[in-house]
Amino acid sequence: MIQSAKGADFVVVKNLSKNYGRFRALDNISFTIKQGEIFGYIGPNGAGKTTTMKILVDLIGDFEGEAFIGGYQVGREKTAIHRLLGYLPQNVAFQEWRTINHALITFGKLSGLNEQEVEDRIPKILNLLGLAELRQKKISQLSGGMIQKVGLAQALLHEPKFLVLDEPLGGLDPLSRYQFKEIVLKLKNQGTTILFSSHILSDVQDVADRIGIISHGRIKQIGTLKELKARLQAEKTIEVLLSGGSDKWNEIGSIHNIKGVTEPSPGSLLVHLESDADENEVFDELIQLIAKLKIRVHGIQLLSPSLDQIYLNYVQEEQP
Amino acid sequence: MKASLLFIDELRGFYKSKVMLFLWVGLPVIAILFRFVQSSTAGEAIPFTVISALVVSSLAGTLASVMLAVSIINEKNRHVYDLFLIRPLKRRDLLLAKFFSVYTCIAVASFISVIAGTAMDFVTTGTLSTIVFDEVWQSLSLSLSMVAVSCAAGVLIGTAAPSVMVGAILVIYGGNQISVIPLLPTLLYIEGAVYFTLAVAVALAGALLAVALVLFDRKQF
């Protein structure tokens, strides 16, 4: 059965483990993805991202634990799950004798579309991806980026309810990456549930509603970017950008709950807060002191950890 | 429906391939060359139709099995099948579509070669005897039996072999030997040996395909 209510868990992964011989690729991972949500899945090479995705799309079996997509159990209700799926693998490949048109007709029909639906949808999807003029071109004549786009076209053609994108932005130029993210966000708004992995953290940050960080086969953290930032006990820092030279900034260090002030580059001050400091209080005091000392500034902001910092923090935790 | 779609697709892929181009055009040409070589030597000339059938069985079987094994190994290693296997179709349909498409191409190439041979015989002798037709029927049956086993061996080796190099070696040294098995009944000189050959070929090809399908079904991509 398909759970169609928006906000309900569309994908449920429970205690999933997978061994390749003696190597434990996945170690008891669990997460859920809500209907219409984009779940960003990040982790270093060999962390288990692709294995998780391949289990969900039924390319890998012999795993421990359970997974459900739209209420159907992975590995058992294969046909029902295949009808819900769209998948773009990390290294998408086609039979090279096919043209783009021929490949899309075949995959469309295999996904259950009829002749008319295939004919109607192919021009639309090719226009959307900027491939319309290449429709009759052979796959063997396409660049890596173009093949990636054809890969996305086959994944979207049948309008799947659950889209699995494994490193979809590799090999794409900046414009194509931007367009790709726009398409992903549009699909989310139409109710498509998306599992999205990428090494390019800024891309995940741009589109993901929630992020899962995996390392050494284990889920390290799951949450929204805001939640992940809040959980990370990183040093709180306020950046002050001076608009003119001033030698009075040393006095900033006298504010309560400030650990120290550094000037990493001329005109840029970093105010380091004590770990238990209330950043809003310090912020207010800092503004008052700057006004009192008549220090001219053109910017002041609280620095929060970036996704890169969060990622490195959790991924480096286990490094020897 | 999906099996037939895959079959027609694979047929479209194979019939335009370079190997098939060789089979479509090259086999009759080679058979003609054999004919001329044979005509220049002493002794009674073998009918052209029979030469055509012999050429088909020896060359086409090898080429078909190598083509199938290499194609499957390449596509498997490049993860071409991923996009098929995540769709609602049976895994076995992929392999069966490949087997039947190549076999169909070879069968058609065989008929073309033999028809060309028959025509050549008619042009050179001005007559076609029923003996020749009997020989053609037997040669074609034996050829296509061997080709069926070769194709099935190609599919099995393609499914199991990890690399093109290993696959090609196994096909050349193993696949060809297996394809000779259906010919064993003809060595017994029994009445209707050709029918035994057909039965053995169907059973052997079926068994090889069954093993290949089981392996493919269990394979992790």
Side-chain angles (χ1 to χ4, degrees), chain A residues 18 20 25 50-51 53-63 69 77-99 102-115 118 138-139 147 150-151 153-155 157-158 160 162-164 166, chain B residues 1-21 67-99 101-102 105 158-159 162 164 213-221:
Chain A
K18 169 72 188 170
Y20 293 113
T50 298
T51 299
M53 291 179 155
K54 286 194 167 186
I55 287 175
L56 288 177
V57 301
D58 195 33
L59 288 173
I60 290 178
D62 294 335
F63 55 85
I69 297 171
E77 295 165 284
K78 295 185 180 193
T79 307
I81 285 177
H82 287 159
R83 289 186 203 285
L84 304 176
L85 277 180
Y87 176 51
L88 175 59
Q90 191 171 1
N91 299 308
V92 65
F94 299 89
Q95 288 162 315
E96 294 192 335
W97 51 266
R98 290 178 190 271
T99 62
H102 188 219
L104 293 181
I105 288 173
T106 297
F107 288 124
K109 286 183 178 175
L110 289 176
S111 295
L113 299 181
N114 62 36
E115 193 84 38
V118 166
K138 274 192 168 184
I139 298 286
I147 290 175
V150 181
Q154 64 76 31
L157 189 65
H158 53 293
F162 179 42
L163 192 56
V164 179
D166 191 0
Chain B
M1 167 64 188
K2 280 168 184 168
S4 61
L5 171 68
L6 287 170
F7 169 70
I8 292 165
D9 255 20
E10 291 291 343
L11 211 52
R12 284 176 67 173
F14 277 118
Y15 90 88
K16 288 187 286 192
S17 68
K18 285 173 187 159
V19 177
M20 281 312 301
L21 198 65
M67 186 163 66
L68 266 167
V70 169
S71 159
I72 292 170
I73 294 167
N74 261 330
E75 292 178 358
K76 197 176 64 181
N77 291 348
R78 289 175 54 235
H79 292 279
V80 167
Y81 296 132
D82 289 11
L83 298 182
F84 289 92
L85 299 177
I86 56 116
R87 291 182 155 81
L89 60 93
K90 292 185 174 71
R91 283 188 173 202
R92 66 166 181 255
D93 290 348
L94 272 175
L95 287 190
L96 290 176
K98 273 201 185 296
F99 171 82
S101 60
V102 172
C105 285
T159 307
V164 169
L213 297 180
V214 170
L215 286 179
F216 195 69
D217 205 42
R218 291 183 180 172
K219 190 153 190 63
Q220 310 219 2
F221 291 85

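Treat the numbers as computed from the prediction; the structure is a model and nothing was measured. In what follows, chains carry the letters A, B, and so on, assigned in the order in which the sequence lines appear, proteins first and then strands, with residues in each chain numbered from 1.
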Item to check | Heavy-atom side-chain proximity of A/Gln90 to B/His79 below 4.5 angstrom | outcome: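 Not in contact.
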Checklist entry - Are the side chains of A/Leu110 and B/Leu6 in touch, meaning some heavy atoms are under 4.5 Å apart? => result yes
With chain B as the partner, which of [options] has the greatest number of non-hydrogen pairs under 4.5 Å?
options                             : result
A/His102, A/Gln154, A/His82         : A/His82
A/Thr79, A/Asp58, A/Thr106, A/Leu85 : A/Thr106
A/Lys78, A/Arg83, A/Gln95, A/Glu96  : A/Gln95
A/Pro160, A/Pro89, A/Gly61          : A/Gly61

Item to check | Intermediate values then yes/no, side-chain contact (heavy atoms from CB on, under 4.5 Å), A/Lys54 and B/Gln220 | outcome: CA-CA 9 Å; A/Lys54 286 194 167 186; B/Gln220 310 219 2; over 6 Å; no
Taking every non-hydrogen atom, the tightest pair across [X] and [Y]:
X       : Y        : result
B/Phe84 : A/Arg98  : CZ-NH2, 3.6 Å
A/Ile60 : B/Phe221 : CG1-C, 4.4 Å
B/Lys2  : A/Lys109 : CE-O, 3.9 Å

Checklist entry - Quick one: what part of B/Tyr81 sits under 4.5 Å from any heavy atom of chain A, side chain, backbone, both or neither? => result neither
Checklist entry - Which atoms of A/Val164 come close to chain B, meaning under 4.5 Å heavy atom to heavy atom: side chain ones, backbone ones, both, or neither? => result neither
Checklist entry - When only heavy atoms count and the cut-off is under 4.5 Å, which of residues 86-94 of chain B reach chain A? => result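 Within residues 86-94 of chain B, the residues under 4.5 Å from chain A are B/Ile86, B/Arg87, B/Pro88, B/Leu89, B/Arg91.
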